[in-house]
Every structure is written in structure tokens, then in C-alpha cells.
Amino acid sequence: MLKVTGIETYYGKIKALKGINLEVEQGKIVTILGANGVGKTTTMKTIAGIIKPKKGTVEFLGEDVTGLRADQLVTKGISLVPEGRAILSSMTVIENLEMGAYHRSDKEVGKDIEEVMKHFPILKERKNQLGGTLSGGQQQMLAIARAILSRPKLLLLDEPSMGLAPLIVADIFKIIREIKDDGTTVLLVEQNAKQALKIADYGYVMETGKVIIQGKAEDLLVDPRIVEAYLGRRSS
Ligand code: ATP
């Protein structure tokens, strides 16, 4: 479904991505792991069209989409939930959800909002509350729900568990599984390596702008290199 080949992305003269290759098969959850600052967010932003790569290609459903803008990619079916969520704090939950469907012209948005709130009952309870008054976990749920309203084929999730309490993190991972079971493909960046590998089918590990290890999630979970570096006691 997604094929990234030889991507090199710069911030000015700094080469943040040094030739990334990765693939995401339809219907799967693929995770990108790695320490802070290795380029995971840059990879997601490059795929989502927020930053343009200097070299390399992004193919989506067999089409070369390299260099397209983020809004064009949303229309093609790629939606990013950015790190830090970026929900609209002075809009209500419902208004935030409607924003997710801004490019749609069909008449099913209202029905889809009802449908998406089945995954997130707390959003239904708080549908008229302002986004900025929600807790961190609820804001993350709203950001994911809003992205689903764009009807993505591929959902890019950048560190959805960041800063959340363990119980809420468990909820978020459960929801990601449900999203996959509903037929949406997911590319997931996570610091929480163990939980991410438990729900993923395949994983990539990055170090300073490169992929250094890749494999089936079940194999990575027991790979001594991963266990030692990323699955220590702190990342349960
Ligand atoms: P984190 O988990 O902290 O988000 P990351 O793996 O997602 O880390 P990136 O945010 O992609 O890493 O950053 C990759 C590299 O690019 C880092 O060295 C970072 O300092 C640098 N970088 C990121 N954003 C910018 C920017 N806007 N301008 C300059 N350098 C940047």
C-alpha cells in the first residue's frame, strides 16, 4: 500500500533522514521505533506531505505521490495524527470532528461522527465541551477520531501514547487495534516499544536518520538487540 524508497529529508543543511526505505502492507499495523531525535517524526511528516524530501520516492496504492501537499494526500487517503495532537482548543468536540471531514462532500459525515463515537464513548459524553478543556487522553482520542473522519486508508499515528497515564495508554492501544480491525491500515510511531510491537504486524527500528533493524513484530519482541535497547523494565 505504502512504499517509501531512499527518502532523504533535510532541515536546512541538516540531513535528518539519510535514505529511509519502508513498506506498509494493506490491513496491517506497522510500527517505527527508536530513541528521541532519530527521525521518526520527520519520516511521518515526509510521508504525510508536510515536509518535502530532497531525494527518494513515496508510492501510495501504486501511485507516485512524492511532493504532494498534505491536503492532497488526505484526499488520496493518508491522514496524520501529529505528535502533540493539535486539536482545536476553542472548538467543541463535535466541531473538531467536523473539521476532520472538511474535504468531504458526501452526506454521511453525521452518520460517521456517530459511528466513530462508538470507539470513543467519552467523546460522545463530552461532545459539546471545548477541546481545550479535555484531559490529555481525551484530546488524543479526539485527534484520532478527527483523523478517522477523513476516511483514511492509511492512518499515520505519531506517538499517540506520549505523556498519558498507563491505563489511558492501554485504551489508546486497544482503539488502534479496533481501527485496524475496521479495515484501516496503520503506521505507528512509538516510544512505548513493547506495547507497539504487541499490536503491530511488522516493525522498523531507526537510529540517526536510518532504519537499522526491521522484521516481524513477533520476532522483534524477542530479538536480543531490541530487548536490550528498547524493551527494558521501564518500557513495559
Ligand atoms: P522525537 O521522538 O523526539 O519526536 P524523532 O525520532 O521523531 O524524535 P525528529 O523529530 O524526526 O526525531 O528529528 C530528527 C532530527 O531532525 C533531530 O536531530 C532533530 O533535532 C532535527 N529536527 C527536527 N525538526 C527540526 C526542525 N524543524 N529544524 C531543524 N532540525 C529539526
Side-chain angles (χ1 to χ4, degrees), residues 1-11 14-34 38-83 86 100-105 143-144 146-160 176-177 179-190 196-197 199-220:
M1 169 179 245
L2 179 79
K3 188 171 183 195
V4 171
T5 312
I7 285 291
E8 295 184 9
T9 301
Y10 288 71
Y11 294 107
I14 301 165
K15 194 174 188 177
L17 301 183
K18 303 172 181 169
I20 297 286
N21 299 308
L22 64 85
E23 284 188 47
V24 179
E25 264 181 54
Q26 191 143 12
K28 307 276 191 210
I29 298 177
V30 174
T31 187
I32 304 178
L33 309 173
V38 296
K40 304 181 302 295
T41 294
T42 307
T43 303
M44 296 294 251
K45 285 183 173 170
T46 306
I47 294 168
I50 293 165
I51 318 177
K52 294 198 191 321
K54 207 164 200 171
K55 278 194 188 159
T57 55
V58 179
E59 268 176 63
F60 182 59
L61 295 171
E63 183 187 351
D64 184 351
V65 296
T66 321
L68 291 191
R69 292 190 314 267
D71 60 307
Q72 294 172 311
L73 290 168
V74 170
T75 311
K76 291 199 178 287
I78 301 181
S79 247
L80 169 69
V81 179
E83 193 177 357
Y102 76 92
H103 71 289
R104 288 174 51 184
S105 52
I144 296 173
R146 183 179 59 182
I148 291 174
L149 261 298
S150 73
R151 288 197 166 167
K153 297 183 180 107
L154 174 65
L155 184 63
L156 308 175
L157 295 174
D158 194 353
E159 300 216 17
I176 298 170
R177 273 301 292 264
I179 292 169
K180 172 195 163 172
D181 292 342
D182 279 354
T184 306
T185 308
V186 177
L187 181 58
L188 169 69
V189 160
E190 260 300 330
L197 287 172
I199 62 162
D201 298 286
Y202 201 84
Y204 291 89
V205 181
M206 287 182 65
E207 210 167 77
T208 53
K210 284 191 167 152
V211 170
I212 53 156
I213 301 169
Q214 70 181 75
K216 284 188 191 160
E218 64 200 56
D219 295 338
L220 295 182

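Along the sequence shown, residues carry numbers from 1. The figures here come from the full heavy-atom set of this structure, side chains too, leaving out hydrogens, waters and symmetry mates.
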Evaluation steps, side chain to side chain contact (heavy atoms under 4.5 Å, CB included), between V211 and Q214: CA-CA 7 Å; V211 170; Q214 70 181 75; 4.2 Å; yes
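- Minimum heavy-atom separation, L188 to A196: CD2-CB, 4.1 Å.
- In the displayed structure, E25 atom CD is contacted under 6.0 Å by at most 12 heavy atoms of other residues, nucleotides or ligands.
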Test side chain to side chain contact (heavy atoms under 4.5 Å, CB included) applied to I32 and M206, step by step: CA-CA 7 Å; I32 304 178; M206 287 182 65; 3.7 Å; yes
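- Residue-environment remark: NZ (K55) stays at or below the threshold of 12 foreign heavy atoms within 6.0 Å.
- Interatomic distance, OG1 of T31 versus CG of L220, reported as 9.5 Å (0.5 Å rounding).
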T46 and T9: CA distance, side-chain angles, deciding distance, side chain to side chain donor-acceptor pair (under 3.5 Å) verdict: CA-CA 8 Å; T46 306; T9 301; 3.1 Å; yes
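- Closest heavy-atom contact between Y102 and D71: OH-CB, 3.7 Å.
- Residues I20 and L22 meet the side-chain proximity criterion, which asks for heavy atoms closer than 4.5 Å.
- How far CD1 of I78 is from CE of M44: 11.0 Å, rounded to the nearest 0.5 Å.
- Taking the centre and axis of the six-membered ring of Y10, the NZ or CZ atom of K54 falls inside the cone set by 45° and 6.0 Å.
- By the 4.5 Å heavy-atom criterion applied to side chains, V189 and E83 are not counted as neighbours.
- R69 contributes atom CZ, which lies 9.5 Å from atom CG of L73 (distance to the nearest 0.5 angstrom).
- Of the candidates T42, I47, T41, T41 is the only one forming a side-chain contact (heavy atoms from CB on, under 4.5 Å) with K45.
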Side chain to side chain contact (heavy atoms under 4.5 Å, CB included) between L187 and L157, worked out: CA-CA 6 Å; L187 181 58; L157 295 174; over 6 Å; no
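- The two atoms that bring A70 and I50 nearest to each other are CB-CG1, 4.1 Å, heavy atoms only.
- The existence of a salt bridge linking K40 and E190 is excluded, since no basic side-chain nitrogen approaches an acidic carboxylate oxygen closer than 4.0 Å.
- Within the model, atoms OG1 of T43 and CG of L17 stand 4.0 Å from one another, a figure rounded to the nearest 0.5 Å.
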From CA spacing to verdict: side chain to side chain contact (heavy atoms under 4.5 Å, CB included), L154, M1: CA-CA 8 Å; L154 174 65; M1 169 179 245; 4.2 Å; yes
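- The main-chain N or O of I29 is found under 3.5 Å from a side-chain atom of D201 such that the two form a donor-acceptor pair.
- Looking only at side-chain heavy atoms (C-beta outward), I51 and Y11 come within less than 4.5 Å of each other.
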Full working for side chain to side chain donor-acceptor pair (under 3.5 Å) between T184 and D182: CA-CA 6 Å; T184 306; D182 279 354; over 6 Å; no
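- We find the CG-CD distance between L2 and Q26 to be 11.5 Å, quoted to the nearest 0.5 Å.
- Counting all heavy atoms, side chain and backbone alike, V58 lies closest to T66 at N-OG1, 2.9 Å.
- Residues P160 and I176 form a side-chain contact, since some pair of their non-hydrogen atoms from C-beta on lies under 4.5 Å apart.
- Across K28 and T185, no two heavy atoms sit closer than the pair O-CG2, 3.3 Å.
- The minimum heavy-atom distance between I7 and G56, with the atom names listed, is CD1-C, 3.9 Å.
- L61 has its side chain within reach of K153: a pair of non-hydrogen atoms, C-beta onward, lies under 4.5 Å apart.
- Within the model, atoms CD of E207 and NZ of K18 stand 10.0 Å from one another, a figure rounded to the nearest 0.5 Å.
- For the 3.5 Å distance criterion, the side chains of S150 and S79 qualify, holding a donor opposite an acceptor.
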